[in-house]
Every structure is written in C-alpha cells, then in structure tokens.
Amino acid sequence: MDRSRLKIVIFGAYNAGKSSFIRAIDPDSRHIEVNNGGIPTTVGLDFGRTVINNRKIYLFGTPGQERFEFVRGIISQGMDGAIVVADTTHDLDGLTVQICDALSASGHPYAVFLNKCDHPDSSPGRYQAVTGTVFSPEISAIAGGNTVDALCEFLDIHF
Ligand SMILES: Nc1nc2c(ncn2[C@@H]2O[C@H](COP(=O)(O)OP(=O)(O)OP(=O)(O)O)[C@@H](O)[C@H]2O)c(=O)[nH]1
Ligand SMILES: [Mg+2]
C-alpha cells in the first residue's frame, strides 16, 4: 500500500460533529449540505485535506442520517482507515454500534473520537461499549480542542 497518501473516512451518527471535525482540520474543506430547519446537515460528502509528517491525508466525511447508508457505502470504498465521531452529549446509538462492528469485522484501522467534550452535558463514558480497545481521544471539533493532535496520534498508531 502507498502510505504517502491516506484516505480516511469520517463516520458517525447524525449531528455528531463529523463536518465540524473536518472543518477544524482543514478550514478550506468543502461540504455538501442542506439547511434542515436552520441546521446544516450533510447530504453528499465532506472533503478536507491536510499534510501530516509529509503524508497527504484526505478526509472524506459521510452523512449521518440513517437513510444515506448507500452514500456511506460509496464513500468508504478504498478507504485506508476510519474515524467514528461520537456525540458525547447523547447516549450511544445504533448506527454508531453498527459502524464500529463493521469496521472491526473488516479489519480497517479505526478510532472513536469522543466529540463535544467542551459541552456541559458531555459524558464520554456513555461510549464505553464501543471504545474498549480502540484509540478514543476526547475532542472538541468546534472549540478546536485536541483535533489535530488526536488525528496525528491515530495516524502514528496505525500507519
Ligand atoms: N458544543 C459542541 N458542539 C459541536 C461540536 N462539534 C459539532 N458541534 C455542533 O453539533 C452540530 C452538528 O455538527 P456537524 O458538524 O454538522 O455534525 P455532522 O455529524 O456533520 O452532522 P450530519 O452531517 O447531519 O450527520 C452543529 O450545531 C455543531 O456546531 C463540539 O465539539 N462541541
Ligand atoms: Mg455533516
């Protein structure tokens, strides 16, 4: 495998902060979203890029709504690794469990990024069932907390 460029796909439930995470890593990232009652929601994909340790990292964000399963399938083709973004202000949800199980079964390197840790309702312990042995840093995609460091560490561990 050519490890000088990596395709990393960002998964997670609706509203978990996937697009915000990609924006935090790449302020020039692109997003295909629609306005859903005042809240932007991804209906296509997010695309961001960065360079870490001379390696080109391409970040592909997926839509979190259940009905976009087919889009997640298309975007995940050829991925080298994945990051599952979890909203720690909400309980563990079925889609997050399903995604973690699928990544575990396929053997793709992945991490669970525990997002919204700046929020007063944040409780990362809710995700214990899916963090077990995987790298699971606490981050805040909008406050900028730990996003780049967490991505670097994930890459160091697996690539
Ligand atoms: N407090 C807090 N809010 C966040 C954080 N990250 C994202 N949000 C908010 O959560 C909401 C959803 O963020 P998005 O980045 O659009 O989430 P998404 O996972 O891409 O959503 P979908 O594409 O619709 O599945 C927005 O209102 C963000 O401002 C965070 O770290 N802390
Ligand atoms: Mg999104």
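Side chains included, hydrogens not; waters and symmetry mates left out as well; all remaining heavy atoms used. In each ligand, atom 1 is the first atom listed, and ligand 1 is the first ligand listed. All values derive from a computational prediction rather than experimental measurement.
Among the atoms of A16, some N or O lies under 3.5 angstrom from an N or O of ligand 1. By the 3.5 Å distance cut-off applied to N or O atoms, A141 is counted among the residues near ligand 1. For ligand 1, the polar-atom distance check against N115 finds a nitrogen or oxygen pair separated by under 3.5 Å. At under 3.5 Å, a nitrogen or oxygen of S140, whether backbone or side chain, sits near a nitrogen or oxygen of ligand 1. The shortest N/O to N/O separation between F21 and ligand 1 does not fall below 3.5 Å. Considering backbone and side-chain N/O atoms, S20 comes within less than 3.5 Å of an N/O atom of ligand 1.
What you find for P124 and C117 is that their closest heavy atoms are CG-SG, 4.0 Å. Nearest heavy atom pair, residue D87 against residue N15, reads OD2-O, 3.9 Å. In terms of heavy-atom proximity, G12 sits nearest to I99 at N-CD1, 3.9 Å. Residue E33 comes nearest to S19 through the heavy atom pair OE2-OG, 3.4 Å, listed as atom of the first residue, atom of the second, then distance.
At most 12 non-hydrogen atoms from other residues, nucleotides or ligands lie less than 6.0 angstrom from CG of N53. The local environment of NE2 in H108 is crowded, with over 12 non-hydrogen atoms from other residues, nucleotides or ligands closer than 6.0 Å. Counting non-hydrogen atoms of other residues, nucleotides and ligands closer than 6.0 Å to CZ of R30 gives a total of 12 or fewer.
Salt-bridge annotation for D80 and K7: absent, with no side-chain N of the basic residue lying under 4.0 Å from a carboxylate O of the acidic one. The pair D26-R49 does not meet the salt-bridge criterion, since no charged nitrogen lies less than 4.0 angstrom from a carboxylate oxygen.
Distances from ligand 1 to the non-hydrogen atoms of G12 include no value under 4.0 Å.
Between the Mg ion (ligand 2) and S19 there is an N/O/S contact shorter than 2.8 Å. Residue T42 counts as close to the Mg ion (ligand 2), with an N, O or S atom under 2.8 Å.
With ligand atoms numbered from 1 in the order given, ligand 1 contributes 24 (O), 25 (O) to contacts under 4.0 Å with heavy atoms of Y14. Listed by atom number, the atoms of ligand 1 under 4.0 Å from G64 heavy atoms are 25 (O). For ligand 1, the atoms closer than 4.0 angstrom to any heavy atom of G17 are 7 (C), 13 (O), 14 (P), 15 (O), 17 (O), 18 (P), 19 (O).
Heavy-atom proximity to atom 10 (O) of ligand 1, evaluated over Q65, E33, K116, is greatest for K116.
By the definition of a contact as any protein heavy atom under 4.0 Å away, atom 2 (C) of ligand 1 is in contact. Within a 4.0 Å radius of atom 27 (O) of ligand 1, the protein has no heavy atom.
At a 4.0 Å heavy-atom cut-off, ligand 1 touches T42 through backbone and side chain alike. Counting heavy atoms under 4.0 Å from ligand 1, residue D118 touches it through the side chain alone.
The closest protein non-hydrogen atom to atom 29 (O) of ligand 1 is I142 CG2, 3.9 Å. Summary of contacts: the protein heavy atom closest to atom 12 (C) of ligand 1 is N15 OD1, 3.0 Å. Of the protein's heavy atoms, K18 NZ, 2.6 Å lies nearest to atom 19 (O) of ligand 1. Nearest protein neighbour of atom 24 (O) of ligand 1, counting heavy atoms only, is T41 OG1, 2.5 Å. The nearest protein atom to atom 16 (O) of ligand 1, hydrogens excluded, is given as P40 O, 4.0 Å; this is a heavy-atom distance.
Counted by atom type alone, D118 and S140 present one or more donor-acceptor pairs between their side chains at under 3.5 Å.
One hydrophobic cluster holds both Y127 and Y110 under the rule that ILVMFWY side chains link at heavy-atom gaps under 4.5 Å. Under a hydrophobic clustering in which Ile, Leu, Val, Met, Phe, Trp and Tyr are joined whenever their side-chain heavy atoms come within less than 4.5 Å, directly or via other members, V85 and L6 fall into the same cluster.
A parallel orientation is assigned to the rings of Y58 and F47, their planes being inclined by less than 30° (bins at 30° and 60°).
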